[in-house]
Amino acid sequence: MSLIPEEVTREIRDRINIVDLIGRYVTLKKAGSNYKGLCPFHNEKSPSFNVNLDRQIFHCFGCGEGGDVIGFLMRHENLSFPEAARSLAGELGIEIPENNQNSREASTDDLFRANEIALSLFRSALRSTEATAAREYLKNRGFDGSLADEFEMGFAPDSWDTLAKALSKASIPAAQGVRAGLLVERKSGGHYDRFRGRLMFPIRDVRNRVVGFGGRALAADQDPKYLNTAETPIFHKSALFYGLPAALEPMRRNSRAVVVEGYFDQIAMCRASVGESVATCGTALTEAHGANLRRRAPTVVLVFDGDDAGQKAMEKALAVLLPNGLRVRAVLLPTGDDPDTYLKREGAEALKELVDAAPPALELMMQRVVGKGCSTPWQKADAVNAVVPFLTRVSDVVERANYIHRLALMTDTPESGVTRAVRAAEQGKTWDGAETMPKNPQKETAEARRCREFAKLLLDYPEHISVYLTPETIDLIPGGFWNRFFTAMFELSSQGECIDAQTLSNALQPEEGKQVLAFLMDHTPELDGVQVVGQIEANLKWLKDRHSQEMRRVVTARVRANPEADADVLAEKQRQLEERRKAQGV
């Protein structure tokens with residue numbers, strides 16, 4: 001993948017609307033001059049994630065993450081810098097010149113292209129004579145051709161190299177087909193198709209790119225029943241959801257996400273007008289899934305089978321979702337049913353009503369536990385101890401108090417006893433759901449405040465940098481962060497570089513770069529030209545006076561340390577006193 005010229009990177013940063021882009025992933029609300037939301041990079045209950053439209057930057061005061069639009073996409077989608085920049089450039093219609101300095105191996109472009117070629121082949125193959133059994137299977141499940149097209153279903157031909165040949169014809173090297181999880185390397189040499197004789201479901205990422213596939217067996221002797229793409233640079237099943245791109249807008253609109261277990265279940269939900277539904281890709285819910293859902297909606301509705309396996313799956317999901325501050329509801333379908341079979345028997349409206357009326361998942365869990373028996377003291381203790389670990393994961397104190405009250409009533413146990421059990425469990429729990437917030441923050445010194453104000457004025461009105469930021473000015477700044485900051489600004493300006501928040505952040509060490517993004521989140525009022533100059537000069541005068549005071553203190557200390565100080569030391573002290581009188585107009 002070729003390098004991205006700096007001027008192209010700057011054009012991307014200038015033209016993209018950072019609030020709109022981050023708003024695709026995080027629910028943002030206007031808060032003064034910034035937009036705020038829950039940080040997508042760490043677990044928090046109160047929003048500390050800030051986006052500043054004027055400066056085109058974001059910063060989280062909880063975990064310290066920050067940067068520009070490219071940095072956000074890199075962090076959120078696990079992309080390299082060129083990949084994130086190219087994605088945004090494509091949206092904006094910005095052309096990036098090619099110079100092919102990086103190896104093809106480092107690129108994921110071929111992986112996405114290989115998956116698109118595979119999807120086209122699979123969809124076309126579903127119409128072929130060879131796919132008669134696949135079409136018959138779909139027909140028996142209530143799918144006609146238009147439905148299959150709507151959900152992009154396909155068929156992997158039952159041959160060893162149909163896809164391998166198609167990739168070769170498209171100039172995709174076999175090694176890239178292997179890397180995309182579509183081909184398998186033979187021990188004897190050559191490659192063969194990973195998916196053969198299966199009904200195929202494309203899996204897309206949040207940016208609607210095909211990253212992998214799920215293949216459903218059609219023959220009785222095919223094993224496994226569902227075969228997914230293996231882990232690749234772009235396919236991580238522990239973080240992906242089937243159906244996510246189409247579900248994003250319904251999730252935002254309905255403030256909930258509906259999670260089911262299979263591809264056909266997710267499609268059944270969509271057919272029942274529950275568009276905010278997604279399915280895991282052959283795995284139980286993971287921490288990555290929980291964090292993903294937390295960014296999308298405040299409530300999750302689980303729709304699982306009503307058998308023991310479904311109930312256990314619900315409990316495992318609760319353990320993952322509750323620490324993320326999500327409100328979890330659940331539907332346990334009648335034994336033997338899944339959303340697809342329920343839809344066929346009861347109809348779309350009945351399935352949707354079932355989801356809309358879903359009770360809190362913890363209520364269902366408590367009912368199941370109590371239903372096993374709760375008449376003796378040890379049965380009551382067992383029931384309470386089974387639920388308590390989940391109560392410790394409820395972050396909202398009011399919610400937790402209500403669940404404690406409900407559990408006490410259901411088990412006929414004193415509420416104080418349940419409360420003590422929760423407290424005891426909290427002391428020994430291993431989950432760390434605490435927000436990462438700075439402890440005992442240091443009070444800003446007057447000197448640091450003046451430096452910050454001076455810095456923001458120069459960044460807001462860069463035409464004054466060449467006038468007021470000189471080597472003599474930098475000498476007034478004490479050593480440490482602010483001296484390095486103004487030195488970097490001076491050097492960038494001297495080189496004719498564009499001075500903005502991200503450029504300055506990049507010029508410093510990572511932790512100091514985060515400090516830059518943090519202080520630039522503060523609102524700066526609009527000023528006219530006279531006010532700007534007045535405030536700049538007022539801050540400079542304060543810094544000069546402070547510098548003079550410090551120099552006098554140093555000279556005085558030298559004189560006191562040596563009562564018989566030489567004439568040079570005394571002369572220096574006298575010179576400084578005269579400078580002070582002159583500055584004060586005496």
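No hydrogens, no waters, no symmetry mates; every other heavy atom, side chains included, goes into these values.
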query: Hey, are the side chains of S159 and R196 touching, using non-hydrogen atoms and a 4.5 Å cut-off?
result: no
query: Can we say R13 and D68 salt-bridge, meaning some charged N sits less than 4.0 Å from an Asp/Glu carboxylate O?
result: yes
D337/R345 salt bridge by N-O under 4.0 Å criterion: yes
query: Between E136 (side chain) and T132 (backbone), is there a donor-acceptor pair under 3.5 Å?
result: no
message: Could you walk me through whether T280 and T283 satisfy the side chain to side chain donor-acceptor pair (under 3.5 Å) test, starting with their C-alpha distance in whole Å, then the side-chain angles of each, then the deciding distance to 0.1 Å, before giving a yes or no?
response: CA-CA 6 Å; T280 52; T283 181; over 6 Å; no
message: Measuring from atom CZ of F390 to atom CG of L322, what distance do you get when rounded to the nearest 0.5 angstrom?
response: 8.0 Å
query: Is it true that R252 and E249 have a side-chain N and a carboxylate O under 4.0 angstrom from each other?
result: yes
- request: Ignoring hydrogens and angles, tell me if any N or O in the side chain of R400 forms a donor-acceptor pair with the backbone of V394 under 3.5 Å.
  value: yes
task: Determine, step by step, whether N254 and E276 satisfy the side chain to side chain donor-acceptor pair (under 3.5 Å) criterion, reporting the C-alpha distance in whole Å, the side-chain angles of both residues, the deciding distance to 0.1 Å, and the verdict.
output: CA-CA 8 Å; N254 298 314; E276 62 272 26; 3.2 Å; yes
query: Looking at side-chain heavy atoms only, is the closest gap between T27 and L38 below 4.5 Å?
result: no
- request: Considering non-hydrogen atoms only, spot the tightest contact between A84 and M74 and give its length.
  value: CB-CG, 3.6 Å
message: For residues 348-367, which residue pairs pass the side-chain hydrogen bond (donor to acceptor under 3.5 Å, both in side chains) check, not counting sequence neighbours?
response: R256-D356, K352-D356, E363-R406
message: Checking the side chain of E152 only, and the main-chain atoms of R123 only, is there a donor and an acceptor separated by less than 3.5 Å?
response: no
message: Run the side chain to side chain contact (heavy atoms under 4.5 Å, CB included) test on V301 and V259 for me, step by step, so that the C-alpha distance in whole Å, both residues' side-chain angles and the decisive distance to 0.1 Å come before the verdict.
response: CA-CA 6 Å; V301 181; V259 178; over 6 Å; no
message: Under 3.5 Å, is there a donor on one side chain and an acceptor on the other for E116 and S120?
response: no
message: Using the ring centroid of each side chain, check whether F213 and F122 are separated by less than 6.0 Å.
response: yes
- request: Show your reasoning for whether side chain to side chain donor-acceptor pair (under 3.5 Å) applies to Y226 and R198.
  value: CA-CA 9 Å; Y226 279 95; R198 290 177 177 270; over 6 Å; no
query: Would you say R194's side chain and N228's backbone share a donor-acceptor pair under 3.5 angstrom?
result: yes
- prompt: Distance under 6.0 Å and angle within 45° of the ring axis: does R135 meet both against F143?
  reply: no
- prompt: Side chain of H191, backbone of V178: donor and acceptor closer than 3.5 Å?
  reply: no
- request: Apply side chain to side chain contact (heavy atoms under 4.5 Å, CB included) to V8 and I12, showing your working.
  value: CA-CA 6 Å; V8 174; I12 292 170; 4.2 Å; yes
message: If you compare all heavy atoms of I117 against all heavy atoms of A170, which two are closest, and at what distance to 0.1 Å?
response: CD1-CB, 3.3 Å
task: Drop me the distance from T162's OG1 to D193's CG, to the nearest 0.5 angstrom.
output: 6.0 Å
statement: Nearest heavy-atom approach of N324 to R294 is O-CD, 2.9 Å
message: Counting the benzene-type ring for Trp, do Y35 and F58 have ring centres under 6.0 Å apart?
response: no
- prompt: Are any non-hydrogen side-chain atoms of E130 and D158 less than 4.5 angstrom apart?
  reply: yes
message: Closer than 4.0 angstrom, basic N to acidic O: yes or no for K237 and E231?
response: no
- prompt: What class does the angle between the rings of H76 and F72 fall in, given that below 30° is parallel, 30 to 60° is tilted and above 60° is perpendicular?
  reply: parallel
- prompt: If only atom types and distance count, is the side chain of S277 paired as donor or acceptor with the main-chain N or O of V274 below 3.5 Å?
  reply: yes
task: Evaluate side chain to side chain contact (heavy atoms under 4.5 Å, CB included) for M251 paired with V278, printing each intermediate quantity in order.
output: CA-CA 10 Å; M251 282 182 187; V278 292; 3.7 Å; yes
message: Could you check whether any side-chain heavy atom of F304 comes within less than 4.5 Å of a side-chain heavy atom of Q311, counting everything from C-beta outward?
response: no
message: Quiz question: by atom type and distance under 3.5 Å, do the side chains of Y25 and R296 form a donor-acceptor pair?
response: no
- prompt: Can we call the ring centroids of Y242 and F264 under 6.0 Å apart?
  reply: no
- prompt: Is L285 close to F241 at the side-chain level, that is, under 4.5 Å between some pair of heavy atoms?
  reply: yes
Inter-residue atom distance I203.CD1 - I234.CD1, 0.5 Å rounding: 11.0 Å
task: Give the intermediate values and the outcome of side chain to side chain contact (heavy atoms under 4.5 Å, CB included) for residues V210 and F112.
output: CA-CA 6 Å; V210 180; F112 292 116; over 6 Å; no
query: Should D149 and R127 count as an ion pair when the cut-off is N to O under 4.0 Å?
result: yes
- prompt: Does atom CZ of R216 have more than 12 heavy-atom neighbours from other groups under 6.0 Å away?
  reply: yes
query: Would you say N17's side chain and D20's backbone share a donor-acceptor pair under 3.5 angstrom?
result: yes
Evaluation steps, side chain to side chain donor-acceptor pair (under 3.5 Å), between E44 and S48: CA-CA 8 Å; E44 63 177 7; S48 58; 2.4 Å; yes
- request: Would you check if M200 and F155 make a side-chain contact, meaning some heavy-atom pair closer than 4.5 Å?
  value: no
- line: Distance col, row N292:CG vs E287:CD, nearest 0.5 angstrom, shows 12.5 Å
message: Nearest 0.5 angstrom please: L407 CG to L362 CG, how far?
response: 9.5 Å
- request: Determine yes or no for a side-chain-to-main-chain donor-acceptor pair under 3.5 angstrom, with S168 supplying the side chain and K165 the backbone.
  value: no
field: Under-4.0 Å salt bridge between K344 and D340
entry: yes
message: Any heavy-atom pair between the side chains of V355 and M269 that's under 4.5 Å?
response: yes
message: Could you tell me if the side chain of L111 sits less than 4.5 Å from the side chain of R179, heavy atoms only?
response: yes
- prompt: Measuring from I57:CD1 to L517:CG, what's the distance to the nearest 0.5 Å?
  reply: 5.0 Å
message: For a quick test of reading the model, state the closest non-hydrogen atom pair linking T229 to G212 and the distance between them.
response: OG1-CA, 3.4 Å
- request: Answer yes or no: is there a donor N or O on one side and an acceptor on the other, between the side chain of T392 and the main chain of A425, under 3.5 Å?
  value: no
Least distance between heavy atoms, P250 atom then A247 atom: CD-O, 3.3 Å
- prompt: How far apart are the closest heavy atoms of G64 and K514, and which atoms are they?
  reply: O-CD, 2.9 Å
query: Is it true that a side-chain atom of R15 and a backbone atom of L92 form a donor plus acceptor pair closer than 3.5 Å?
result: yes
